[in-house]
Trainee: 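Quick one: structure below, then a few questions.
Keep in mind it's a predicted model, so treat the numbers as computed, not measured. Heavy atoms only: backbone and side chains are in, while hydrogens, waters and symmetry mates are out. Below, chain A is the first sequence line, B the second, and so on; all start at residue 1.
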There are 2 protein chains.
Amino acid sequence: MDKPKDVANDDKPKSRGISRRGLFGVAGAGGIGLAVGALGVNAVNAATDPKPAGTIVDFYGDHQAGIVTEAQDRMHIAAFDVTASTRESLVSLLKDWTEAIAALTQGREIGEGATDGNYDAPPDDTGEALDLGASHLTVTVGFGRTLFEKDGKDRYGLAGKLPEALIDLPHFVGDALEEGRSGGDLIVQACADDPQVAVHAVRNLARIAFGRASVRWSQIGFGRTSSTSTTQATPRNLFGFKDGTANLKQENADLVNQHVWVSDASGPEAWMNGGTYMVARRIRMHIEIWDRTSMREQEGLIGRTKKEGAPLSGGGEFTEPDFGMQGREGPLIAVDSHVSIAHPNHNNGVQMLRRGFNYTDGSDGLGKLDAGLFFIAFVVDARTHYVPMQSAMARNDVLSLEYLRHTGSGLFAVPPGVKPGGYLGQTLFES
Amino acid sequence: MDKPKDVANDDKPKSRGISRRGLFGVAGAGGIGLAVGALGVNAVNAATDPKPAGTIVDFYGDHQAGIVTEAQDRMHIAAFDVTASTRESLVSLLKDWTEAIAALTQGREIGEGATDGNYDAPPDDTGEALDLGASHLTVTVGFGRTLFEKDGKDRYGLAGKLPEALIDLPHFVGDALEEGRSGGDLIVQACADDPQVAVHAVRNLARIAFGRASVRWSQIGFGRTSSTSTTQATPRNLFGFKDGTANLKQENADLVNQHVWVSDASGPEAWMNGGTYMVARRIRMHIEIWDRTSMREQEGLIGRTKKEGAPLSGGGEFTEPDFGMQGREGPLIAVDSHVSIAHPNHNNGVQMLRRGFNYTDGSDGLGKLDAGLFFIAFVVDARTHYVPMQSAMARNDVLSLEYLRHTGSGLFAVPPGVKPGGYLGQTLFES
């Protein structure tokens with residue numbers, strides 16, 4: 001792969017291409033007089049010191065990080081509208097993002113850092129994550145359908161490469177989608193142990209995008225609701241139940257290869273090999289109503305016990321549910337329970353790799369918290385791996401019908417990983 | 001102090017007064033048939049096991065916790081409108097909250113817990129913080145002016161005890177306050193190492209308040225912007241600068257006693273002795289504009305270096321600023337810099353104990369992140385310790401004028417701490 005070509009054309013050597021002068025130009029001069037001599041104490045540039053390796057997730061690889069990576073506890077995700085007027089400008093954005101993400105995920109600062117001793121220009125890095133380390137940061141980037149075609153227009157010469165799987169998700173029963181929480185040309189999912197590290201990443205990528213893309217929506221998630229590794233304990237969602245017990249785990253490479261990674265795309269879609277599709281759904285939970293529901297009904301709706309997360313047919317958390325086991329009044333696990341409707345056996349064997357987060361966004365103005373689940377799943381094809389299951393849930397799952405409302409939605413094609421010298425989306429633009 | 005009297009009148013022994021039956025009644029019966037026999041595996045009640053003591057902050061004391069307590073990294077704060085129709089109902093709410101907070105801050109569950117084996121009623125605890133421990137949780141409760149008097153009405157027989165210091169904050173230059181983010185009869189500040197623990201606390205207190213108080217606004221803060229102990233490193237705000245270097249620290253008991261705790265109230269206000277006042281301000285930061293400002297201007301506006309947080313007059317982070325030191329173009333620290341305008345020397349010697357948090361709430365709909373500082377300060381009297389400084393800042397501080405916009409506001413009387421057997425606000429209601 002080629003080295004990114006749009007490194008800043010600057011007059012002094014530097015280790016990375018993004019430069020305050022190249023990207024941001026010279027900012028307005030400050031109105032406050034300061035003697036330059038007094039500032040020398042701060043001129044040492046520590047931006048190149050990587051932080052302890054123990055918290056670094058490798059950015060480079062066949063697949064993007066932040067998918068099968070052990071799910072971090074905090075997330076900030078943002079969708080962008082691309083405003084770039086040319087394909088070249090869009091590619092330059094992706095190259096700049098690649099370089100920035102490679103630095104941030106190693107605990108380095110953007111460009112020459114937040115405190116490089118040049119006082120005449122804005123710092124390359126905004127600085128609020130100084131001292132916080134890499135914090136297992138991953139940044140995962142995807143492309144929305146509107147990047148390929150919008151209002152019938154082939155904006156960036158990509159229409160011919162629009163994957164068939166990058167559909168407009170259909171309307172599901174009960175959807176209450178808000179335009180301002182849905183869609184987007186680009187998606188950036190930043191996950192980390194420390195939320196400030198994730199927010200810092202999104203904020204700096206938004207800054208780098210200035211003039212080429214702007215924030216469409218963003219969401220902060222305070223607690224993960226899925227595990228993606230057998231080494232992780234199963235977390236709880238805002239219904240108080242363990243979530244994602246049956247989630248795909250990174251250790252099961254065969255299933256991940258089957259259900260997550262695109263591997264047999266060909267022709268104009270070949271660029272997606274090694275990639276996947278991200279389904280993002282903001283799901284408001286009616287927690288106040290849930291909280292007035294009896295334990296029997298709660299467990300019945302989920303199909304698992306609250307404490308252990310064991311299927312109601314018996315055993316422990318990781319025991320396979322026995323949908324045939326009968327109680328006095330019918331199956332122990334109701335056919336319209338969440339675990340039953342979502343189970344692979346009832347969905348043509350498909351599985352998802354979920355990576356969602358609990359959120360709370362203030363109040364709803366009606367005396368209640370606005371809280372719920374920001375659902376994220378990575379699947380090989382949403383047409384087989386999301387739409388049928390969500391259709392069934394929206395129609396039949398009592399949990400979905402009475403306690404959930406989908407308020408935001410997006411589907412994004414997540415291109416394969418990046419090799420050193422390459423950039424995010426290179427297979428799309430150069431194939 | 002008396003033992004709370006409104007313990008649930010239930011037919012079986014229990015260790016705590018809040019009961020699913022007492023508080024929530026019997027919920028609607030589930031529509032899903034389940035054989036009771038299959039559920040026995042989950043009937044063990046582990047709700048009474050306290051979590052490891054290392055992460056517990058004592059709830060009881062002369063002062064409420066969550067003020068001088070070492071600032072935790074995450075926060076969820078919510079204001080409530082009281083809907084209780086009687087004073088007795090309001091008192092019962094405060095007693096129930098006291099009992100719940102005492103349990104939660106020890107890492108215990110509310111009442112009989114989330115999984116107590118009673119399937120006919122909703123669980124007492126919503127369960128999403130099971131296994132997360134106490135996580136240094138503190139919950140701090142305060143009273144808004146409207147609790148004492150609203151629209152000229154003495155709602156709960158408290159008007160005679162309205163402290164003079166519990167003013168309506170004046171309008172400051174540049175304020176853009178939103179009704180839905182301001183005010184409130186009650187405030188609940190939950191801080192913890194794990195945000196899910198803080199959210200769980202607020203959510204369960206909101207649940208307990210059902211029928212007596214409803215959520216007016218809430219805010220999640222992802223990263224602390226102040227230290228309250230000399231043992232803590234100074235964190236950074238979203239301008240990328242260290243914030244709160246000169247903050248009051250718990251180790252300086254004399255200054256804390258002088259500037260934070262009410263100690264000389266008398267007559268109808270005597271109930272506030274041992275208490276303090278919380279100023280809460282949601283401050284949107286125009287981070288995109290800031291990010292295009294040169295390093296010289298950034299440091300000039302703050303009056304400190306970005307990297308070390310040292311005053312521009314020289315030295316290290318904790319060196320006292322020398323406002324008289326001249327550079328070639330005037331004082332090294334500009335008179336209208338943030339550090340100068342906020343310094344005690346320029347504010348009649350007053351100091352604040354700040355305890356704010358960075359926030360980001362999606363986007364502003366205009367292509368930018370909605371992000372900033374949720375400012376919280378505890379002061380002995382906002383009339384002397386907040387209003388003059390904020391007036392000066394709003395008028396003269398270039399930082400405030402160009403980069404900040406206050407969108408939410410509240411002032412709350414925070415009553416003294418609770419002794420075992422007592423309840424929050426007891427001195428107010430029983431004096």
Side-chain angles (χ1 to χ4, degrees), chain A residues 24 27 30 32-35 38 41-42 114-115 118-123 126-128 130 180 195-196 199 203 206-207 214-215 217-220 222-223 236 238 240 287 291-297 300 305-308 312 314 327-330 332 334 358 360-363 365 367-369, chain B residues 24 27 30 32-35 38 42 114-115 118-123 126-128 130 180 195-196 199 203 206-207 214-220 222-223 236 238 240 287 291-297 300 305-308 312 314 327-330 332 334 358 360-363 365 367-369:
Chain A
F24 308 112
I32 296 172
L34 287 173
V41 291
N42 197 27
T115 58
N118 179 337
Y119 290 91
D120 295 325
T126 59
E128 70 270 23
L130 281 168
Q196 186 138 327
V199 171
R203 183 250 190 109
R207 181 189 185 208
S214 63
V215 176
W217 54 259
S218 93
Q219 179 73 50
I220 195 163
F222 64 77
R236 291 180 186 271
L238 293 186
I287 55 175
D291 288 347
R292 293 197 286 274
T293 304
S294 74
M295 178 70 115
R296 178 172 291 108
E297 185 161 357
T305 63
K306 192 160 195 173
K307 187 173 184 184
E308 301 289 350
L312 295 182
R328 281 182 301 185
E329 302 175 51
L332 288 176
N358 297 320
T360 180
D361 288 340
S363 81
K368 302 187 176 89
L369 296 174
Chain B
F24 308 111
I32 296 174
L34 288 173
N42 196 27
T115 60
N118 180 335
Y119 290 89
D120 296 325
T126 59
E128 70 270 23
L130 281 168
Q196 186 138 327
V199 171
R203 184 251 189 107
R207 181 189 185 209
S214 63
V215 175
R216 180 179 175 86
W217 53 260
S218 93
Q219 179 73 51
I220 194 163
F222 65 77
R236 290 179 187 271
L238 293 186
I287 55 176
D291 288 347
R292 294 197 286 276
T293 304
S294 74
M295 178 70 115
R296 177 171 291 107
E297 185 160 358
T305 64
K306 192 158 196 174
K307 186 174 183 182
E308 302 289 350
L312 294 183
R328 281 182 298 185
E329 302 176 49
L332 288 175
N358 297 319
T360 179
D361 289 340
S363 81
K368 300 187 178 90
L369 296 174

Trainee: With sequence neighbours excluded, what pairs up with A:Ser214 under the side chain to side chain contact (heavy atoms under 4.5 Å, CB included) test?
Mentor: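 Listed in chain order: A:Asp81, A:Thr83.
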Trainee: What residue in A:Gly367, A:Gly180, A:Gly127, A:Gly362 has the most heavy-atom pairs under 4.5 Å with chain B?
Mentor: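 Sorted descending by pairs with chain B, the first entry is A:Gly367.
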Trainee: Check each atom of B:Ile220 against the heavy atoms of chain A and say whether the ones under 4.5 Å are side chain, backbone, both or neither.
Mentor: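 Looking at B:Ile220, just its side chain touches chain A.
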Trainee: Check whether the side chains of B:Asn358 and A:Gln196 place a donor and an acceptor atom closer than 3.5 Å, and report yes or no.
Mentor: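 The answer is yes; a qualifying pair exists.
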Trainee: Kindly determine whether B:Gln219 and B:Asp361 satisfy side chain to side chain contact (heavy atoms under 4.5 Å, CB included), including the steps that lead there.
Mentor: CA-CA 9 Å; B:Gln219 179 73 51; B:Asp361 289 340; 3.2 Å; yes
Trainee: I'd like to check the salt bridge (Lys or Arg N to Asp or Glu O under 4.0 Å) partners of A:Arg236; sequence neighbours left out, ordered by chain and number.
Mentor: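 With sequence neighbours excluded, A:Arg236 shows a salt bridge (Lys or Arg N to Asp or Glu O under 4.0 Å) to B:Asp131, given in chain and number order.
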Trainee: Among B:Ser218, B:Gly365, B:Gly223, who wins on heavy-atom pairs under 4.5 Å with chain A?
Mentor: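 Greatest number of close heavy-atom pairs with chain A: B:Ser218.
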